[in-house]
Protein chains: 2
Amino acid sequence: MQRMTRQRAAVGELLADTDDFRSAQQLHEMLREAGHSVGLATVYRTMQTLAENGDVDVLRNAEGESLYRRCRKQVHHHHLVCRDCGRTVELDAAIVEHWAAEVGQAHGFVDVEHTAELFGTCAQCARRGSHDA
Amino acid sequence: MQRMTRQRAAVGELLADTDDFRSAQQLHEMLREAGHSVGLATVYRTMQTLAENGDVDVLRNAEGESLYRRCRKQVHHHHLVCRDCGRTVELDAAIVEHWAAEVGQAHGFVDVEHTAELFGTCAQCARRGSHDA
DNA sequence: ATGTGCATGGGAACCATTCTCACTTGCGGT
DNA sequence: ACCGCAAGTGAGAATGGTTCCCATGCACAT
């Protein structure tokens with residue numbers, strides 16, 4: 001049974017406030033700054049649970065760190081993430097789904113899953129970055 | 001300047017012998033078993049160098065561990081990997097490249113990179129697995 | 001109000017990877 | 001062949017994200 005605790009409420013509140021992907025440690029720090037006292041282990045546990053329930057999206061950055069973000073779509077989808085500011089666009093990608101299914105079948109693989117993420121620099125960050133160039 | 005050492009020769013030899021993705025630790029173990037004495041740190045360093053030169057493909061499994069494999073294609077490509085035996089198929093995927101480029105442009109992102117990997121169970125492993133079902 | 005058992009926290013444990021640094025060795029120059 | 005030295009190596013320490021442990025806390029049905 002899932003209990004509603006002070007800590008989980010704080011995490012939920014925080015997630016509702018940001019659109020960007022954040023690491024567990026960042027979230028922990030943000031909670032501290034917001035005056036909530038939540039253990040790091042609890043943040044990890046909570047994010048894990050939320051991820052299992054499909055309430056947050058998880059992806060790994062280039063360093064292998066897990067990043068979390070509340071998700072709107074419950075169905076499978078992909079992301080376009082700004083590598084500077086974390087701004088994220090959720091993507092439907094029927095093309096990718098079809099590609100994965102076809103390729104898997106063509107090679108006799110079953111239970112084919114796929115990962116696909118796009119990383120780039122958003123227009124705003126690109127503009128800002130060009131100032132000092 | 002790149003020097004040819006006993007250790008690098010051993011790693012190169014080993015990579016030439018297998019088609020499957022292996023972790024640095026697995027490679028290290030395999031070298032030991034083959035009678036070569038190569039430090040773990042050296043394996044990591046070597047794989048890093050090879051990866052930078054585009055001589056091996058690198059991908060991360062679900063646990064975030066880095067897996068390596070010699071690659072035939074020097075150009076960007078994707079993989080279909082058997083999650084049981086590691087058997088790997090290299091994929092051209094113009095579809096995915098186009099998708100990534102279009103989506104990036106549509107949202108004003110620049111320098112868009114992408115990752116896309118397929119994981120499944122190959123025909124052989126699926127057959128073997130169904131025996132005890 | 002109370003009991004039960006899920007939840008919490010903080011510090012230790014884990015584990016892949018990287019760093020350190022003294023020692024070895026490939027290799028170009030002589 | 002021999003030297004010199006910078007590149008390479010290895011064993012262990014350090015790092016850093018994540019999970020585990022377990023005594024204590026607390027949500028919630030009764």
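Below, read A as the first sequence line, B as the second, and so on, with proteins coming before strands; counting in each chain starts at 1.
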Under 4.0 Å between a side-chain N or O of B:Ser66 and OP1 or OP2 of C:dA16? no
Reckon B:Gln2 has a side-chain N or O less than 4.0 Å from the OP1 or OP2 of C:dC27? no
Begin with the C-alpha distance, continue with both residues' side-chain angles, and end with the deciding distance and a verdict on salt bridge (charged side-chain N to carboxylate O under 4.0 Å, His left out) for A:Glu117 and A:Arg60. CA-CA 10 Å; A:Glu117 305 294 344; A:Arg60 293 189 179 247; over 6 Å; no
Within the pair B:Gln48 and C:dT17, is there a side-chain N or O less than 4.0 Å away from OP1 or OP2? no
Apply the test side-chain contact (heavy atoms from CB on, under 4.5 Å) to residues B:Leu91 and A:His107: give CA-CA distance (whole Å), side-chain angles for both, the deciding distance (0.1 Å), then the verdict. CA-CA 11 Å; B:Leu91 306 169; A:His107 291 88; 4.1 Å; yes
Can you check the B:Leu67 CG to C:dT17 C1' distance for me, whole Å? 14 Å
Any B:Tyr44 side-chain N or O less than 4.0 Å from OP1/OP2 of C:dT18: no
With side chains defined as the heavy atoms from C-beta onward, is the minimum distance between A:Gln105 and A:Val112 less than 4.5 Å? no
Write down the distance between CD (A:Glu63) and C1' (C:dA16), rounded to a whole number of angstrom. 15 Å
Minimum heavy-atom separation for B:Ala116 to B:His78, with atom names? O-ND1, 2.9 Å
Using five base pairs at each end to define the local axes, how bent is the helix from C:dA1-D:dT30 to C:dT30-D:dA1, to the nearest 10°? 40°
Distance-only polar pair, side chains of A:Arg32 and A:His36, donor-acceptor under 3.5 Å: no
Rounded to the Å, how far apart are A:Gln26 CD and D:dG17 P? 10 Å
In this structure, how many angstroms lie between the P atom of C:dT17 and the CG atom of B:Asn61, rounded? 9 Å
Interatomic distance where CZ belongs to B:Arg22 and C1' belongs to C:dA16 [whole Å]: 18 Å
Do B:Tyr68 and B:Leu50 pass the side-chain contact (heavy atoms from CB on, under 4.5 Å) test, and can you show the C-alpha distance, the side-chain angles, and the key distance before you say yes or no? CA-CA 10 Å; B:Tyr68 308 90; B:Leu50 290 174; over 6 Å; no
Is B:Glu90 paired with B:Arg69 through a side-chain N to carboxylate O contact shorter than 4.0 Å? yes
Rounded interatomic separation in angstrom, taking CD from A:Glu65 and P from C:dT17: 15 Å
hydrophobic_cluster_shared for A:Phe109 and A:Trp99, side chain cutoff 4.5 Å: yes
Transitive ILVMFWY side-chain link A:Val103 to B:Phe119, under 4.5 Å: no
B:Met4 vs B:Ala24, nearer the 5' end of DNA chain C by closest nucleotide: B:Ala24
Salt bridge flag under 4.0 Å for residues A:Arg70 and A:Asp57: no
Give each protein N/O atom lying under 3.5 Å from an N/O atom of nucleotides 8-15 of chain C, with the pair distance.
from, atom 1, to, atom 2, distance (Å)
C:dT8, OP1, A:Thr5, OG1, 2.7
C:dT8, OP2, A:Arg8, NH2, 3.4
C:dT8, O3', A:Gln7, NE2, 2.9
C:dG9, OP1, A:Gln7, NE2, 3.0
C:dG9, OP1, A:Ser37, O, 3.3
C:dG9, OP2, A:Gly39, N, 2.9
C:dG9, OP2, A:Thr42, OG1, 2.5
C:dG9, N7, A:Arg45, NH2, 2.8
C:dG9, O6, A:Arg45, NH1, 3.3

What are the atom names and distances for every N/O pair under 3.5 Å that joins the protein to nucleotides 2-5 of chain D?
none

Taking the side chain as C-beta and beyond, is there a heavy-atom pair between B:Val81 and B:Arg87 under 4.5 Å? no
